[in-house]
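Presented below is the structure to which this report refers.
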Amino acid sequence: MLTLNSHPSGRHFLQIPGPTNVPDRVLRAIDQATIDHRGPEFGELGKAVLTGIKQVFQTESPVVIFPASGTGAWEAALVNTLSPGDRVLMVETGHFASLWRKLAGRLGLDVDCIEGDWRRPVDAGVIGARLADDAQHRIKAVCVVHNETSTGVTSDIAAVRAAIDQAGHPALLMVDTISSLGSIDYRHDEWGVDVTVAGSQKGLMLPPGLSFNAVGPRALAAAETARLPRSYWDWREMLGPNAKGYFPYTPSTNLLYGLHEALAMLAAEGLPQVFARHERHARATRLAVAGWGLELLSLDAAAHSPALTAVLMPDGHSADALRKVILDRFDMSLGQGLGKLSDRIFRIGHLGHFNDLTLCGTLAGVEMGLAAAGVPHRSGGLQAAMEYLTRAPERVAG
């Protein structure tokens, strides 16, 4: 039974890297009466969101929306394009890449995994070499995570596409953008991605509950011959009704209201400005970490994530104990370490509905928490971030 305890004054700081803070105007949009999902008003809503979401993926291809978490979108990407026993090449960049790998194995796919240390991005050269060695083209798909939420490491998808092309290999390219879509520049069409996976609860500024597949022409063709079982996830069942703004089963109507509002917010700010804002806040956060004398998990400066920052704890100190102090004392949630990083790192989310003062409050909470928990550090991280934010431009030119 849920116990309602007294709540501290003020607003809880939800600074995990997803689910992220939902803007009030999106909450108000969701808070409308549910309408007939077969009626004309819903058809207009459906057409608007199915068209608008393409702009965020930067694609002209169809985007399928499922009432599901990102895990459902992982499964949909695989079952619509592959057959039992097909080989897929996956790259272990972190916890979520590992989970996608496990899901593929459970579906009866033959998973060839490139192991990683969880501190570096995808190595496109290694992918290209594996494909070059696959003269019989047994590998049917390459699956990579664009922004690994568990590590704060972003991979170069354009480089992966170039490696596949250089190898002359026909494998499909599938990319997880669950924590990057709407936060980090991502170009489904330009980068030649066949299936892009995403979720609603991060850069799109919505509650959990919607997932997405952006589906390129080669993936649509593969769906005609794929033999993995599919019913709920079948793109073909979705695309017919989607053409008129409808769905083959009951959709998440009120979340679609929220998506409509979130897309309007992203369009009003402009995607280049959105991406610049995330880069700026990430830079300020990394300056704070350096000011505290702590170590980033991400080792490659070019791969530091604009959406979140993962911070290593000093030897002998517990990340979970620090997070508990910060939650209890300052009512702020930080991301925990996952998998083999459990209790070794904490993750600061700085994505979605976020501004300079939110970031300063977040970093203040971390700095106070480090002191309250007795974690060895230097003071001044917050000051370094504030000085950067004060002098750095808030908007990109043009």
Side-chain angles (χ1 to χ4, degrees), residues 5-27 149 152 179 182-183 201-207 262 265 269 273-294 296-297 304-311 313 319-337 345-375 377-395:
N5 297 318
S6 60
H7 194 279
S9 177
R11 191 164 189 166
H12 174 69
F13 267 55
L14 181 66
Q15 302 314 139
I16 62 177
T20 60
N21 298 286
V22 180
D24 288 343
R25 59 184 281 188
V26 172
L27 290 172
T149 319
S179 64
S183 304
Q201 72 274 18
K202 298 183 188 280
L204 292 179
M205 306 178 291
L206 292 162
M265 292 177 67
E269 185 175 0
Q273 305 290 352
V274 171
F275 302 145
R277 169 167 55 84
H278 282 79
E279 289 278 5
R280 181 169 172 271
H281 288 151
R283 172 65 175 163
T285 303
R286 294 194 296 270
L287 287 171
V289 174
W292 295 323
L294 299 179
L296 297 174
L297 180 68
H304 294 335
S305 172
L308 73 137
T309 299
V311 185
M313 290 294 288
D320 290 345
L322 170 66
R323 291 174 50 253
K324 185 177 188 305
V325 167
I326 291 172
L327 179 61
D328 291 346
R329 290 281 300 275
F330 309 116
D331 196 24
M332 181 168 74
S333 296
L334 297 175
Q336 68 186 89
I345 67 166
F346 63 92
R347 295 175 296 143
I348 304 169
H350 36 75
L351 70 161
H353 188 54
F354 206 77
N355 62 22
D356 287 4
L357 291 182
T358 310
L359 180 60
C360 289
T362 299
L363 298 177
V366 174
E367 188 159 327
M368 290 188 292
L370 290 168
V375 176
H377 71 290
R378 298 192 301 263
S379 61
L382 172 61
Q383 185 64 36
M386 291 171 58
E387 289 174 358
Y388 170 75
L389 292 172
T390 301
R391 69 176 183 269
E394 294 186 8
R395 299 180 64 82

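Since the structure is predicted, the reported quantities are computational estimates derived from the model, not experimental observations.
Rounded to the nearest 0.5 Å, atoms CZ (Arg347) and OG1 (Thr149) are 7.0 Å apart. Note that CG of Leu389 and CG of Leu363 are 8.0 Å apart. Values are rounded to the nearest 0.5 Å. How far NE2 of His377 is from CE of Met313: 10.5 Å, rounded to the nearest 0.5 Å. Leu351 contributes atom CG, which lies 8.0 Å from atom OG of Ser305 (distance to the nearest 0.5 angstrom). One finds the CG atom of Leu14 at 10.5 Å from the CE atom of Met332 (value rounded to the nearest 0.5 Å). The OG1 atom of Thr20 sits 8.0 Å away from the CD atom of Gln201 when rounded to the nearest 0.5 Å.
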- Message: Apply side-chain contact (heavy atoms from CB on, under 4.5 Å) to residues Leu370 and Leu294 and explain how you reach the verdict.
- Response: CA-CA 11 Å; Leu370 290 168; Leu294 299 179; 4.0 Å; yes
- Item | Worked check of side-chain contact (heavy atoms from CB on, under 4.5 Å) between Ser333 and His12 | CA-CA 8 Å; Ser333 296; His12 174 69; 2.9 Å; yes
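For the residue pair Asp356 / His281, a side-chain donor-acceptor distance below 3.5 Å is found, with atom types taken as modelled.
His278 places none of its side-chain heavy atoms less than 4.5 Å from the side chain of Phe354. Two residues are said to be in side-chain contact when any heavy atoms from C-beta on lie closer than 4.5 Å; Met386 and Cys360 meet this criterion. Contact annotation: the side chain of Met265 approaches that of Val26 to within less than 4.5 Å [non-hydrogen atoms, C-beta and beyond]. The closest side-chain heavy-atom distance from Ile326 to Phe346 is not below 4.5 Å. With a 4.5 Å cut-off on side-chain heavy atoms, Arg286 and His304 count as touching. Within the 4.5 Å cutoff, side-chain heavy atoms of Val366 are placed close to those of Trp292.
Closest approach of Thr358 and Phe13 over heavy atoms only: O-CE2, 3.7 Å. Minimum interatomic distance between Ala288 and Ala385 (heavy atoms only, all atoms of both residues): CB-CB, 4.2 Å. Gly335 and Pro17 make their closest contact through CA-CD, 4.0 Å (heavy atoms, listed as atom of the first residue, atom of the second, distance). Taking each heavy atom of Ala373 and Val325 in turn, the nearest pair found is CB-CG2, 4.1 Å. Across all their heavy atoms, Leu359 and Ala284 have their closest contact at CD2-CB, 3.8 Å. Shown here for Lys202 and Gly18, the closest heavy-atom pair between the two residues is NZ-CA, 3.5 Å.
Between the side chain of Glu367 and the backbone N or O of Leu382 there is at least one donor-acceptor pair closer than 3.5 Å.
Taking a 6.0 Å sphere around CZ of Arg329, one finds it holds 12 or fewer heavy atoms contributed by other residues, nucleotides or ligands.
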